[in-house]
**Student:** 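My questions all concern the structure below.
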Number of protein chains: 2
Amino acid sequence: MATARTRRSPRRTDALSRERIVEAAVELLDTAGEGGLTFRALTERLATGPGAIYWHVANKDELLDAATDAVVAAALAAECLEPPKPTKRADPTKPTKPAESPDSPQDKIRAIAFGLFDAIEDHPWLPTQLALQLSRSPWGSVTPRIFESVGRQVRALGVPEGHWFTAASALVHYILGAAGQNAANNASARTLAPGVDRAQFLDAASKAWQELDPDDYPFIHAVAAQMREHDDREQFLAGIDVVLTGITALHLPGERGRT
Amino acid sequence: MATARTRRSPRRTDALSRERIVEAAVELLDTAGEGGLTFRALTERLATGPGAIYWHVANKDELLDAATDAVVAAALAAECLEPPKPTKRADPTKPTKPAESPDSPQDKIRAIAFGLFDAIEDHPWLPTQLALQLSRSPWGSVTPRIFESVGRQVRALGVPEGHWFTAASALVHYILGAAGQNAANNASARTLAPGVDRAQFLDAASKAWQELDPDDYPFIHAVAAQMREHDDREQFLAGIDVVLTGITALHLPGERGRT
DNA sequence: ACCTGAACACCGTTCAAGT
DNA sequence: ACCTGAACACCGTTCAAGT
């Protein structure tokens with residue numbers, strides 16, 4: 001239409017670049033959701049035509065891959081510097097295993113996991129795009145990145161080489177699966193009722209579970225209450241500990257595998 | 001164009017129905033891939049107009065959800081009847097823990113997992129659609145189904161009620177994550193070179209890993225050989241055992257928790 | 001109640017043309 | 001080398017009209 005639109009960006013002075021395009025794509029995904037990333041929206045935001053974008057990027061899939069990769073790389077880089085954030089409400093009734101040094105491989109794995117967890121919280125489109133990229137090129141840029149970060153700690157844990165692949169896979173798969181589920185919850189809570197907070201959403205979801213036929217879904221029925229009360233990060237951490245314990249029990253020679 | 005196309009289906013005699021539409025959608029996804037499911041392709045296959053489909057189905061998302069749900073439900077139903085298939089090549093060097101009854105909860109969990117594993121192998125689009133459905137409605141039809149199947153066995157395992165949610169979540173997340181990764185591999189092997197078999201694909205992928213900079217990716221570099229030799233199902237099973245062991249060690253009161 | 005099919009708005013992508 | 005923007009093919013969805 002011919003409406004004189006307030007020009008969002010003043011005429012572009014700096015040159016276009018792949019980096020700037022990817023950056024704009026991430027912003028669009030964050031603010032407008034997965035459906036909001038459009039070449040038309042992108043051209044408007046960058047004040048160009050579609051052809052300019054295609055000069056720097058082969059197609060939309062490549063752009064999405066680049067956006068995913070950028071966000072994951074940033075998350076993994078950040079978590080290497082910061083110490084792992086403690087769970088919001090410290091629970092003194094559950095003492096963690098005491099015999100771990102502050103920067104044990106276990107702690108670093110938790111840090112990596114929470115790094116991804118947080119990134120997914122900031123960018124709810126991440127899990128879906130990860131799945132899509134996986135189906136396009138399974139050993140593309142992102143998988144190796146995550147695998148490498150986790151794998152190093154598996155190694156540091158003392159797992160013998162023959163079990164590296166198994167142990168790292170188990171961890172990566174759990175982390176991505178759990179973080180994805182969580183992102184879905186958050187996104188859904190936002191979408192269904194923008195004003196509503198997480199607690200109310202979990203309440204509603206729990207109620208929905210309780211309304212399932214108890215004959216067909218006895219377990220879900222029984223566990224609905226737990227799912228209402230659960231704290232995301234606590235739950236996420238508990239799952240990581242399950243996998244870590246399994247790895248330790250199955251793959252570590254003695255009680256303490258560090259050389 | 002006006003080419004007189006050989007009409008695939010003779011004039012439809014039976015009435016349209018939601019079931020028939022979902023069935024056709026699954027077939028299209030299987031044969032033509034995720035991009036192949038189109039309302040136009042669907043109308044041609046069903047010999048109708050788009051309006052007819054919209055009478056039975058609200059929109060494409062709902063159709064995809066229904067297709068996903070149908071396939072998952074079938075997989076979970078099938079695995080409840082059949083005994084778990086043994087790994088193709090039995091490995092007598094690795095004795096499984098002997099003290100498990102033939103239909104132990106552990107075995108049933110493995111059966112469920114392999115049921116989903118096989119379903120994903122037949123329908124490579126499943127993981128992506130599961131992720132998409134998750135992001136649309138996290139507690140939609142599919143998640144409760146899988147959660148229920150796995151959860152019952154967690155219960156049978158003797159896990160105390162307070163840990164049900166954690167234990168079931170860990171299993172479900174691992175299963176979906178690992179099966180998804182695998183589906184991606186298969187799909188990619190098919191796409192990149194239709195005539196090539198899995199071994200050759202893994203070979204190529206492994207080589208790609210070995211070509212990554214060893215300074216940036218020391219772990220990946222070291223583990224590339226393992227990934228070439230790995231057997232999917234064996235690997236998948238090993239991961240499940242890691243999670244099961246972790247659950248047993250962390251959440252089971254004694255050594256054997258069954259009452 | 002169930003189906004038809006033309007029409008609409010929108011999308012990814014291309015390409016001849018400019019600088 | 002880098003960018004412009006009109007044009008193309010295709011898609012999900014709608015809706016007045018039929019039976």
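Side-chain atoms are counted along with the backbone in the values below, which use heavy atoms only and exclude waters and symmetry mates. Values in this document were obtained by computation on a predicted structure and should not be read as measured data.
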**Student:** Would you kindly give the CZ-to-C1' distance between A:Arg40 and C:dG12, to the nearest whole Å?
**Tutor:**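 So the two atoms are 7 Å apart, to the nearest Å.
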**Student:** Near DNA chain D, which residues from residues 56-70 of chain A have a heavy atom under 4.0 Å away?
**Tutor:** A:His56
**Student:** Would you check if A:Thr43 and A:Thr38 make a side-chain contact, meaning some heavy-atom pair closer than 4.5 Å?
**Tutor:** no
**Student:** CD1 of B:Ile21 versus C1' of C:dC3: gap in Å, rounded?
**Tutor:** 11 Å
**Student:** Choosing from D:dT13, C:dC3, C:dT4, which nucleotide comes nearest the side chain of B:Tyr54?
**Tutor:** D:dT13
**Student:** The criterion is ring pair (Phe, Tyr, Trp, His ring centres under 6.0 Å); which residues satisfy it with A:His56, sequence neighbours excluded?
**Tutor:**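 Ring pair (Phe, Tyr, Trp, His ring centres under 6.0 Å) list for A:His56, sorted by chain: empty.
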**Student:** Can you tell me how far P in C:dC2 sits from the matching atom in D:dA17, rounded to whole Å?
**Tutor:** 22 Å
**Student:** Going from CG on A:Leu134 to CD on A:Gln129, what distance comes out if it is rounded to the nearest 0.5 angstrom?
**Tutor:** 12.0 Å
**Student:** What side-chain donor-acceptor pairs closer than 3.5 Å can you find for residues 172-181 of chain A, not counting sequence neighbours?
**Tutor:**
residue: A:His173; atom: ND1; partner: A:Ser169; partner atom: O; Å: 3.1
residue: A:Tyr174; atom: OH; partner: A:Phe236; partner atom: O; Å: 3.2

**Student:** Return the value, rounded to whole Å, for the distance between atom CG of A:Leu16 and atom C1' of D:dT4.
**Tutor:**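 To the nearest whole Å, that distance equals 12 Å.
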**Student:** Can you give the dot-bracket line for DNA chain D, where a pair is Watson-Crick or G-U wobble with both atom distances under 3.5 Å, crossing pairs use [ ], and | marks a partner on another strand?
**Tutor:** ||.|||||...|||||.||
**Student:** Roughly how many Å is it from CD in A:Glu44 to C1' in D:dT4, rounded to a whole number?
**Tutor:**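 These atoms are roughly 16 Å apart.
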**Student:** Can you tell whether the side chains of B:Arg136 and B:Glu62 come within less than 4.0 Å, N to carboxylate O?
**Tutor:** no
**Student:** Specify the residue among A:Gly35 and A:Gly51 whose closest nucleotide of DNA chain C lies further upstream toward the 5′ end.
**Tutor:**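 The answer here is A:Gly35.
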**Student:** Kindly indicate, with the supporting measurements, whether the criterion salt bridge (charged side-chain N to carboxylate O under 4.0 Å, His left out) is fulfilled by A:Lys60 and A:Asp65.
**Tutor:** CA-CA 9 Å; A:Lys60 195 180 183 184; A:Asp65 282 355; over 6 Å; no
**Student:** What nucleotide among C:dC3, D:dC2, D:dT13 has an atom nearest to a side-chain atom of A:Trp55?
**Tutor:**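 Looking only at side-chain atoms, A:Trp55 lies closest to D:dC2.
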**Student:** Got a list of side-chain donor-acceptor pairs under 3.5 Å for residues 25-33 of chain A, not counting sequence neighbours?
**Tutor:**
residue: A:Glu27; atom: OE1; partner: A:Arg45; partner atom: NE; Å: 3.4
residue: A:Glu27; atom: OE1; partner: A:Arg45; partner atom: NH2; Å: 2.7
residue: A:Asp30; atom: OD1; partner: A:His123; partner atom: ND1; Å: 2.7
residue: A:Asp30; atom: OD1; partner: A:Trp125; partner atom: NE1; Å: 2.7
residue: A:Asp30; atom: OD2; partner: A:His123; partner atom: ND1; Å: 3.0
residue: A:Thr31; atom: OG1; partner: A:Glu27; partner atom: O; Å: 2.9
residue: A:Thr31; atom: OG1; partner: A:Leu28; partner atom: O; Å: 3.4

**Student:** Over how many whole Å does the gap from A:Leu42 atom CG to D:dG5 atom P extend?
**Tutor:**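 After rounding, the gap between these two atoms is 16 Å.
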**Student:** What pairs meet the side-chain hydrogen bond (donor to acceptor under 3.5 Å, both in side chains) rule with one or both residues in residues 213-226 of chain A, with sequence neighbours excluded?
**Tutor:**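 side-chain hydrogen bond (donor to acceptor under 3.5 Å, both in side chains) check on residues 213-226 of chain A returns no pairs.
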**Student:** Quick one: A:Glu34 CD to C:dG12 C1', roughly how many Å, whole number?
**Tutor:**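 Whole-Å distance recorded here is 17 Å.
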**Student:** Within this structure, what is the CZ-to-C1' distance between B:Arg20 and C:dC3, rounded to whole angstrom?
**Tutor:** 14 Å
**Student:** Supply the atom-to-atom distance B:Arg152 CZ to B:Phe147 CZ, rounded to the nearest 0.5 angstrom.
**Tutor:**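 Nearest 0.5 Å value for the CZ-CZ distance: 13.5 Å.
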**Student:** Taking atom P of D:dG5 as reference, at what distance in whole Å does atom CD1 of A:Ile53 sit?
**Tutor:**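 Value for this atom pair: 13 Å.
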**Student:** Would you say A:Thr38 reaches C:dC11's phosphate, i.e. side-chain N/O to OP1/OP2 under 4.0 Å?
**Tutor:**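 Answer yes for this pair, as a side-chain N or O of A:Thr38 is under 4.0 Å from OP1 or OP2.
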**Student:** Could you check which of D:dT4, C:dA6, D:dC11 has an atom nearest any side-chain atom of B:Pro50?
**Tutor:**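 Looking only at heavy atoms from C-beta outward on B:Pro50, the closest nucleotide is C:dA6.
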